[in-house]
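Keep in mind it's a predicted model, so treat the numbers as computed, not measured. Because only heavy atoms are used, hydrogens play no part in the values below, and waters and symmetry mates are left out as well, while side chains stay in.
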Amino acid sequence: MSLQECIDQYKRAQKMGQKYYRAAIARGEYPYPQVLDEILNESMIAGRTNLGLVEIPTDLIVGTRAAGRRAAFAGNFMPLLPHDTEFGLKWIALCGAHLSDEGIREPIKCYEYLGRFYVEEGNKRVSVLKSYDAPTIPGRVTRLIPVWSEDNAVQVYYEFLKFYELSHVYQVHFSRLGSYAKLQAALGFEADHVWTEDEQASFLSSYHRFRSIYIERCRAEHLNLSTGGALLVWLQVYSFEDIHTMTTPELERALAAIWQDIRFTADDRPSTLLTAPEESEKGVLGKLLSTMRTSHIDIAFVHGTSPEKSTWVMGHDLGRQYLEKELADKVSTKTYVARHNADEVMEQAIAEGAQLIIATAPTLMSACRKASVLHPNVKFLNCALSLPVAGVRTYYSRLYEAKFITGAVVGAVSAEDRIGYVGRYPILGAPAAINAFALGLRMTNPDAKVVLRWSCLPGDPAADLINDGIRIISNRETSAQAQNGFGAQAGTYQILDNGTCVPLASPRWNWGKLYEKIVLSILEGSWQAQGDRSQVAVSYWWGMNSGVIDVQLSDQLSAGVRQLGLILQHDMMNGVLDPFHCPIVDQSGIIRNDGEGRFTPDEIMCMDWLCDNVEGHIPHYDEVLPMSQSVTRLLGVFRDEIPPEKEAILL
C-alpha cells in the first residue's frame with residue numbers, strides 16, 4: 001500500500017475518533033481511553049498473574065495503564081492529533097507495516113483488570129489494528145486480580161476466573177452471577193471439563209457469528225444485555241450447534257423469534273403477577289375486546305404422567321372434566337402424557353389442532369418455551385410459581401391461605417403441643433404455607449409447635465411423625481372433585497389409637513375454576529389485554545377469593561370449630577384476614593413482622609425462613625431425593641445456589 005493510502009487510513013480513523021470524542025462530550029462522558037492508574041490502587045489488588053502471550057479481543061481493550069498520551073486518542077483508540085505530527089507519522093508508518101508482508105508482529109504489553117485490558121506498550125499498534133477491525137491483537141498480559149468483595153462485578157469476575165481456567169476464552173462476558181457455570185453446562189460440558197483447542201475454536205467461530213447478528217439488532221434498541229446474556233437465552237430454546245448449521249436468514253429469524261425473551265432478560269423485570277381474576281372490561285375497552293373474541297377453543301392438557309398414577313395429575317384432570325362440563329359448547333380437550341419426550345408431545349398436540357396448551361408440571365416449562373417460540377399463535381399455560389418466561393404464562397394458587405385456616409382448626413381441636421406437617425418440595429411458596437399453618441395453629445393454641453418433615457427426603461415422613469408420638473398431621477392437599485373425600489393420608493387428620501385416620505380439615509384445589517376463568521378470558525378477548533399490560537410475561541397466583549382453592553371441613557368437627565373455620569374462610573375470601581399481618585419471629589430470633597407491616601406477594605412467594613414455632617428446616621438441593629431434584633432445581637427456595645448441570649433444564 002502506498003504512503004498516501006496509509007495517510008488516508010489515518011484520516012478515516014481520525015474522523016472516527018473525532019466523532020466518538022464529540023458524542024462522548026455531548027453525553028457528558030469521558031472522551032479518552034480509561035487510565036488504569038486512575039481506576040485502582042495497590043490496596044484493591046489481591047494478586048498478579050502472568051498470562052503470557054494471549055490473543056486479546058480488540059473490543060476489550062478499553063484504556064492505557066498510565067495517562068501518558070491519552071489525549072492523542074479518543075475512547076475508541078482512534079487518533080485525534082493531525083496526521084503530520086510526530087504521533088501521526090509513527091501511526092502511518094505502523095499502518096504501512098501492518099499492510100506489508102511483514103505485518104505488525106511485536107505483541108503489545110498490557111494489564112487485564114476485571115476482564116478489560118489496559119495497554120502499557122503498543123497504544124499505536126492497537127489504534128492501527130482497531131481501525132482495520134482486527135478481531136484480536138497478540139499481547140503479553142499481566143492479570144490484576146481484585147480483592148474479593150460483595151460487589152457484583154467482582155463476584156462475577158471471580159466466576160469468570162474459574163471459567164477461564166477451563167476454556168481460555170475471554171470473549172464471553174456476563175453481568176449476572178452463575179452465568180458462566182450455566183454456559184458450561186448448556187454447552188454439554190461437565191462443570192470441571194477443560195476445553196480442547198478444537199472446542200475453543202469451534203465455540204469462538206459460532207459465538208462471533210451469533211454476536212455479529214445480535215449486536216446489529218441490539219444497537220437499534222440499546223438493550224443492556226451482553227452477547228453472552230443473549231446467548232444463554234438462545235440456549236434455552238435452540239442448541240449451540242444451530243448457530244453453526246443455520247443460514248444467516250434462518251439465524252436472524254430465530255433470533256427475532258426469541259427477541260421478547262431477550263428484551264425481558266435485559267430489562268430484568270419480574271412477570272406481571274395477577275393475584276385475582278380480573279373483572280370484565282367495560283366501556284370502550286370492552287367494545288374493543290369484543291372484536292377479539294372467539295367462539296371455540298381446542299385445548300391440550302399435557303401431564304408428566306398419567307392421572308391414574310398421580311393424585312396431583314388426577315386433580316388437574318378433574319379440573320379438565322369440570323371445564324368441559326361448564327363450557328361444553330365452547331371447548332374441546334385432549335389429554336397427553338409427556339414422560340421423556342415433551343418436545344415431541346407438544347408438537348403432536350399442536351399438529352392435532354391445539355390452540356391452548358396447559359402443562360400441569362413445572363418440568364414441562366422448557367418444552368413449553370421452545371414450542372411457544374416455534375408456534376407464536378398458540379397459547380401456553382404452565383403450572384408453576386415464579387418461572388417468568390415470555391410466551392408462556394404460569395399459574396398456581398395461594399395455598400398458604402388455606403393452610404392458615406387448617407392450622408387454626410387444628411389448634412382449636414387439639415390440646416397436644418406437637419403437630420406434624422409433611423412438606424412435599426422445598427420450593428417457592430412452600431415456606432409460606434408452612435408458616436401460615438404455624439401462625440394459624442398459634443392463634444388457637446399458642447403453645448403448640450409444628451414438627452416439619454418432608455416427603456422429598458429419604459424415609460416415610462408420616463410414619464416417622466407417628467413413631468415420634470405425633471397424632472395430628474397436615475399432609476398433602478385434596479381435589480375439590482375427588483370422589484373419595486379426604487383420601488388416604490390427605491389433608492389434616494388425627495390418628496386414633498387403633499390406627500384410624502379421622503379427617504379434620506384440608507385445603508382443596510379446584511383447578512377447574514381457574515381453567516374456566518382463564519379460558520373465558522380467551523373467549524372474551526381479554527387474555528391479550530392482560531398480556532399487553534405486562535408486555536412479555538403473566539403469572540396467575542390466585543387465592544381463595546377466586547374459588548381455585550378452599551378448605552374442606554370434616555363433618556366430624558364440632559359445631560363451634562366448624563363455625564370458626566367458616567368464619568375464617570369468609571374473612572379470607574373478602575380480604576379481611578391476612579395470615580401474616582401479625583407479630584412474627586423466625587427460628588433465628590429475627591423479627592420478621594412487628595405486627596404492623598404487610599408482606600408483598602413477592603415477599604410471601606419467596607420466603608426462605610420458618611417461624612419460631614416450627615421444628616425442622618428447609619432442605620437444600622443436595623438433601624432431596626433424585627426424583628425430586630428436577631422440581632427443586634426449577635422452583636427451589638434456594639435454586640440460585642444450585643450449580644447447573646449439563647443435563648438439567650436451563651432457565
Side-chain angles (χ1 to χ4, degrees), residues 236-239 242 254 257-258 260-261 294-310 312-384 387-396 509 511-523 525 527-528 530-531 536-540 630-631 634 649-651:
Q236 293 166 1
V237 179
Y238 303 103
S239 72
D242 289 333
I258 63 170
Q260 284 285 63
D261 290 86
T294 184
S295 59
H296 189 275
I297 185 167
D298 292 309
I299 305 170
F301 282 80
V302 181
H303 307 301
T305 188
S306 61
E308 296 78 19
K309 295 182 178 180
S310 166
W312 172 261
V313 176
M314 176 59 74
H316 286 280
D317 193 60
L318 291 170
R320 177 192 64 81
Q321 296 173 32
Y322 174 92
L323 176 65
E324 280 196 331
K325 178 181 177 182
E326 295 299 314
L327 301 177
D329 58 335
K330 296 181 175 64
V331 302
S332 298
T333 71
K334 289 184 180 179
T335 299
Y336 300 82
V337 176
R339 291 185 176 87
H340 305 292
N341 58 339
D343 293 345
E344 292 84 350
V345 170
M346 296 284 177
E347 290 297 324
Q348 178 188 351
I350 293 168
E352 293 177 359
Q355 299 163 288
L356 167 66
I357 288 183
I358 300 176
T360 61
T363 50
L364 296 171
M365 174 57 86
S366 179
C368 286
R369 181 173 220 169
K370 293 176 184 177
S372 72
V373 169
L374 298 173
H375 306 280
N377 294 324
V378 177
K379 296 175 174 61
F380 291 84
L381 280 171
N382 183 247
C383 188
L387 278 180
V389 171
V392 182
R393 301 191 181 189
T394 59
Y395 68 96
Y396 207 69
W509 304 108
W511 295 116
K513 290 284 188 180
L514 182 142
Y515 296 145
E516 179 186 20
K517 288 179 170 63
I518 291 179
V519 170
L520 282 174
S521 77
I522 297 173
L523 295 169
W527 163 287
Q528 194 61 44
Q530 295 166 359
V536 285
V538 172
S539 183
Y540 303 99
S630 58
V631 173
L634 283 173
I649 298 171
L650 176 64
L651 288 173

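Taking each heavy atom of Asn382 and Met365 in turn, the nearest pair found is OD1-CE, 3.6 Å. Of all heavy-atom pairs between Trp511 and Cys383, the closest is CH2-SG, 4.1 Å. Counting all heavy atoms, side chain and backbone alike, Ala349 lies closest to Ile357 at CB-CD1, 4.3 Å. For Val392 against Ser372, the heavy-atom pair with the smallest separation is CG2-OG, 3.9 Å. Nearest heavy atoms, Ser332 versus Asp298: CB-OD1, 3.3 Å.
Inter-residue side-chain proximity for Val519 and Val331 is flagged as met; some heavy-atom pair is nearer than 4.5 Å. In this structure, the side chains of Cys368 and Met346 come closer than 4.5 Å at one or more pairs of heavy atoms. Side chains of Trp509 and Leu514 form no contact here, defined as non-hydrogen atoms less than 4.5 Å apart. Put simply, the side chain of Phe380 does not reach to within 4.5 Å of the side chain of Ile358, judged on heavy atoms. At least one side-chain heavy atom of Arg393 sits less than 4.5 Å from a side-chain heavy atom of Trp527.
Using modelled atom types, one finds a donor on one side chain and an acceptor on the other under 3.5 Å when comparing Ser539 with Thr394. Residues His375 and Glu347 bring a donor and an acceptor atom of their side chains to less than 3.5 Å of each other.
For the atom pair His296 NE2 and Asp329 CG, the distance stands at 8.0 Å (nearest 0.5 Å).
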Could you go through residues 300-310 and list every donor-acceptor pair under 3.5 Å that involves a side-chain atom there, pairing it with any protein atom two or more places apart or in another chain?
from   : atom 1 : to     : atom 2 : distance (Å)
His303 : ND1    : Thr360 : OG1    : 2.8
Ser306 : OG     : Glu308 : OE1    : 3.4
Ser310 : OG     : Trp312 : N      : 3.2
Ser310 : OG     : Val313 : N      : 3.1

Listing, residues 335-343 side-chain donor-acceptor contacts under 3.5 Å, not counting sequence neighbours, or none:
from   : atom 1 : to     : atom 2 : distance (Å)
Thr335 : OG1    : Arg320 : NE     : 3.3
Tyr336 : OH     : Glu352 : OE1    : 2.5

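One finds a salt bridge joining Arg369 and Asp261 here, because a Lys/Arg side-chain nitrogen approaches an Asp/Glu carboxylate oxygen to under 4.0 Å.
A search for side chain to side chain contact (heavy atoms under 4.5 Å, CB included) contacts involving Glu516 returns Tyr322, Leu323, Glu326, Leu327, Lys513, Leu520, not counting sequence neighbours.
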**OP:** Walk me through it: do Val378 and Leu356 pass the test side-chain contact (heavy atoms from CB on, under 4.5 Å)?
**Re:** CA-CA 6 Å; Val378 177; Leu356 167 66; over 6 Å; no
**OP:** Walk me through it: do Leu381 and Tyr540 pass the test side-chain contact (heavy atoms from CB on, under 4.5 Å)?
**Re:** CA-CA 10 Å; Leu381 280 171; Tyr540 303 99; 3.8 Å; yes
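Other residues, nucleotides and ligands place more than 12 heavy atoms under 6.0 Å from the NZ atom of Lys517.
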